Amino acid sequence: MDTATDVRREMQRIYRESRSQMISVDHASKWANMLSLIVRAIETTEIERRLDAIEARG
């Protein structure tokens, strides 16, 4: 997963599997929490990249 969109799709899959009782709500909750951390890391990386580009311009 490299983008927030990828993470969103994974969260949707986990939600559907939880709703259909393919996985437990407990597991779904844990995975969703981990995915939330991944999204934050992606967002932080993107902000750093943009800031570096702005600083490089001058």
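All values below were derived from every heavy atom in this structure, side-chain atoms included, with hydrogens, water molecules and symmetry-related copies excluded. Model, not experiment: these values are computed from the prediction.
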Hey, could you give me the [atom1]/[atom2] distance between [X] and [Y], rounded to the nearest 0.5 Å?
X     : Y     : atom1 : atom2 : answer
Thr45 : Asp2  : OG1   : CG    : 10.5 Å
Ile42 : Leu37 : CD1   : CG    : 11.0 Å
Arg19 : Glu17 : CZ    : CD    : 13.5 Å
Gln12 : Arg16 : CD    : CZ    : 6.0 Å

Under a 4.5 Å side-chain heavy-atom rule over Ile, Leu, Val, Met, Phe, Trp and Tyr, are Met22 and Trp31 clustered together?
->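 No, separate clusters.
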Joint hydrophobic cluster, Met1 plus Val39, side-chain heavy atoms closer than 4.5 Å =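 Met1 and Val39: one cluster.
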Please name the pair of heavy atoms, one in Val25 and one in Ser18, separated by the smallest distance, quoted to 0.1 Å.
->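 That closest heavy-atom pairing would be CG2-OG, 3.6 Å.
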Of all the heavy-atom pairs spanning Val7 and Ile38, show the shortest one and how long it is.
->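 Reported closest heavy-atom pair: CG2-CG2, 3.8 Å.
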Are Glu43 and Arg40 close enough for a salt bridge, meaning some N to O gap below 4.0 Å?
->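 No, no charged N to carboxylate O under 4.0 Å.
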Sub-3.5 Å donor-acceptor pair from the side chain of Ser29 to the main-chain atoms of Asp26, do we have one?
->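 Checked: no pair found.
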Keeping the roles fixed (side chain from Asp6, backbone from Thr3), state whether a donor-acceptor pair exists under 3.5 Å.
->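 It does hold such a pair.
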So, do [X] and [Y] sit near enough that their side-chain heavy atoms are less than 4.5 Å apart?
X     : Y     : result
Met11 : Ser36 : yes
Ile14 : Leu35 : yes
Lys30 : Asn33 : no

